[in-house]
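Below, chains carry the letters A, B, ... as their sequence lines are ordered, and counting in each starts from 1.
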Amino acid sequence: MTDLVAFPPPAFPEPADELNEPQARAVAHAEGPLVVFAGAGSGKTRVITYRIANLLAGHRVPPYRVLAVTFTNKAAGEMRRRIASLAGDEIAKELWIGTFHATCARLLRRFHDAAGLERNFVIYDDSDQRAVVARVLKELSLDDKRYPPRQVLSRIHKEKQEGRGPDAFEPQGFFDDAILKVYEGYERYLRKANAVDFDDLILSVLRIAEDPKSLAGDDLRARFRHVLVDEFQDVNQVQYRLVRALAASRNLCVVGDDDQSIYRWRGADVRIVRNFRRDFPDAAIVKLEQNYRSTGNVVRAALGVIKPAKDREPKELWTARDPGEPVVVVAAQNEHDEAAWVAERVREAQARGVPLGEVAIFYRVHAQSRVLEEVLRAERIPYQIVGGMRFFERAEVKDLLSYLRILDNPKSDVDLERIINVPARKIGGATLDRLTQVANALDVPLYEAILPLTDRGGLGTAAKKSLLAFRDLIESLREKAASAPPSDLAREVLERTGYARMLDEDDSAESDARKQNLQELVGSILDYEAEAAAAGQVGALSGYLERVTLSSDIDALEDAPRVSMMTVHAAKGLEFDTVFITGMEDEIFPFKGPDPKRNEDIEEERRLAYVAVTRARERLFVTHTARRMIFGNTRFGVPSRFIADFPTSSVKGLMTAAASSERSFRDGYRDGHRDEPARPRGPWSHPMERGGDAPARSFSSRSTSTPTPARAPGERYIEREPAEASGEGGLARGARVMHEKFGVGAIIDVDPGDDPIATVKFSGWGVKRIKARFLRTE
DNA sequence: AAAATGGCTCTTTTT
DNA sequence: GAGCCATTTT
């Protein structure tokens, strides 16, 4: 590829001038390999964006010859925006910026032939992959109790992430013999369905790029003059090999922090960044050690946590900022007490003038979120949750997507199986088995086996008729798909398949929520089309489908005036003014599962704690409890060992009123720590309340007398603000209501009218439709 | 074929 | 505690 187009002169100041010394050095190394060890809060995104801007303006590198890889779509979007503000939209648009998966998907659409795929391949997400494994197990007559699909799948992924296909698999023991067969079947199934999983996206591109005899490989190796990788500590072996192959120019800049490597369980390998210098002896090394984000106390607490880590690249994180407030460590009685205390501090922060969007609550596992959520809702504190049940994993959403995917790629068997009898159209298990047999015998996808099966006879006339009717339906929708915009197609699918009618006829409360979710899905297709139109393109169905499977929860995190709640994993890369880390107890954080053969990885837990602490700019609160009900039983809590690693001088210890009034707690606490040397020694005191030492309210007494509402099914994705009691006489969505028989519930929806009917989720009773006059607002 | 029951499991999940 | 799956029940 030659650069015939003259590149415009720099229209913006030389970026390096705006950077301080070590960052400027990082930018200055325009040629050859470069590794940047970027401590938490040291401004690494700034370094990458300025480096790119510098390459474009100072070194005249054409934008389409620069590849920057990030780990989330959100990070990619932010980077592109920042470069656009330096170099202009037109130039930023030409850059290759994206996640590993999105970038590879794009390359693979171009070079699909070399990978043996058709251009319209589909990407199977986690649940699709599990469905494939389940089907393969069934075909091999293997017991899915002995071989749980989840475990089998994670084993397969482990192989793939290290670049080994079934041919390179080395079975150890009889369990592995079975795994190998499943692995082979799995690969065959995907191939036949013209489908790839997440690993394949990267692996397929890698295989092309590493093939010296392939023309596509030549193109890939010559395509990029500069390659940059963010969050490099979290790449796996395959991703690393790909980066090396694509950076044939050796202009490879990797930026990361080995202290923040928290995805080992997904194949990430910290040793890659630590050993980078071994692989590239001529690499320039830059360390960014000044933290610009956090107060002195937060930085010192973070250092205390990470210092004992083994094998870390030495880094001296420092800050020029004032010590600020001490890190507050709080002992609570139980999770309710903890949540109530957090809610009070949130209110206090708000009163100090901190916007709620600048407050975050972290936890180690999602299971901890429920109680926090209940209290925030009761206190009318607006919040949003990242993670948990995803919108795109809802049954009805997946159904519609399956229809769309089958219209895009009729070979996709997982999708065909999902929707062939939804809504019910008399194509039952027996018919499907016959269809599978024929498909296997002819070695074709299920859809292509329909005609051979119906021609062959031996099928009941009713079954034959249903199958042909289904095929006609799909064929006529495919015609539509060829011309109509995806949103029209989606609406048409809902009508013509009878899906909408099925929901209309079902007058249970859930069906309304489902209809709404489907409307939301159509809305998201419209958004996609509008976005494409704005960029002067036509939004194609396959593009939408790809985006849906490659998008994540964190991408949807809104910049809204609400408290954010998320796992510590989800918090990586974010920062907040005020941060609460809850559940800082041994066996919760560091986490220890019940399964002894899955050994805990204390090093990674330590890094996770470091990530959590370094998210805070001004204020950090860390809570632990004496007792916690989790996974159905009560654990007695011992403060996390990581708390003991905070330097005493940067910490203030507190107890909630409820905790200090309970003798067993104090005794238990002391007993638990007799021989722990370096506990924070600050005097335990009651939290300061405005206007004196009023005892903190005990939440537990309230919670036992009045059960708080549980979530409605659709609400976990991104929580809407608890609605003010307004509109239909206090019956706005989210409002808390009381019912004679069912107790307290949360309103999901209201059908207005003379005699309004509310859809309410009751804790313990599920979702009910109730005439509003039988409800009273609290 | 839908509904009810019982048993099982339960980290983290950038894509 | 609660969600998911498989099995049983009607």
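- Within the 4.0 angstrom heavy-atom criterion, base atoms lie near A/Tyr263.
- Defined by atom type and a distance below 3.5 Å, a donor-acceptor pair is missing between the side-chain atoms of A/Gln237 and A/Gln239.
- In terms of position along DNA chain B, the nucleotide closest to A/Phe631 lies nearer the 5' end than the nucleotide closest to the other residue of the pair A/Val235 and A/Phe631.
- The CZ-P distance, from A/Arg628 to C/dG1, rounds to 15 Å in whole Å.
- One interatomic measurement links the two molecules: CZ of A/Arg130 to C1' of B/dT13, which rounds to 11 Å at whole-angstrom precision.
- The CD1 atom of A/Ile630 sits 14 Å away from the C1' atom of B/dT9 (whole-angstrom rounding).
- Each of A/Asn73 and A/Gly632 was assigned the nucleotide of DNA chain B with the nearest heavy atom; the assignment lying further toward the 5' end belongs to A/Gly632.
- A close approach under 4.0 Å does occur between a side-chain nitrogen or oxygen of A/Thr567 and OP1 or OP2 of B/dT13.
- When atom types are taken as modelled, the side chain of A/Glu587 and the backbone of A/Lys592 share no donor-acceptor pair closer than 3.5 angstrom.
- Applying the 5.5 angstrom centroid cut-off and the 30 degree plane-angle cut-off, the aromatic ring of A/Trp265 is stacked upon the base of B/dT12.
- Side chain of A/Phe591, nearest nucleotide from C/dA2, B/dT12, B/dT11: B/dT11.
- Nucleotide B/dG7 forms a pair with C/dC4, judged by Watson-Crick or G-U wobble geometry with both contacts under 3.5 Å.
- Checking B/dT11, B/dT13, C/dG1 against every side-chain atom of A/Arg150, the shortest atom distance belongs to B/dT13.
- The CZ atom of A/Arg364 sits 13 Å away from the C1' atom of B/dC10 (whole-angstrom rounding).
- To the nearest angstrom, P of B/dT11 lies 18 Å from CZ of A/Arg264.
- Remark: P of C/dG1 and CZ of A/Arg635 are 16 Å apart, rounded to the nearest angstrom.
- Put simply, A/His366 has a side-chain N or O that comes within less than 4.0 Å of OP1 or OP2 on B/dT13.
- Rounded to whole angstrom, the span from the CZ atom of A/Arg370 across to the C1' atom of B/dT11 amounts to 18 Å.
- A/Thr549 contributes a side-chain N or O that, together with a main-chain N or O of A/Glu546, makes up a donor-acceptor pair within less than 3.5 Å.
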Acceptor/donor pairs from residues 133-141 of chain A side chains to any protein atom, 3.5 angstrom cut, sequence neighbours excluded:
residue  : atom : partner  : partner atom : Å
A/Arg135 : NE   : A/Glu417 : OE1          : 3.3
A/Arg135 : NE   : A/Glu417 : OE2          : 2.7
A/Arg135 : NH2  : A/Glu417 : OE1          : 3.4

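- Taking atom CD on A/Glu604 and atom P on B/dT11, their separation rounds to 16 Å, with Å as the unit.
- With respect to A/Lys158 and A/Glu162, no salt bridge is recorded, no charged nitrogen being found less than 4.0 Å from a carboxylate O.
- With a 3.5 Å ceiling on both atom-pair distances, B/dT13 lacks any Watson-Crick or G-U wobble partner.
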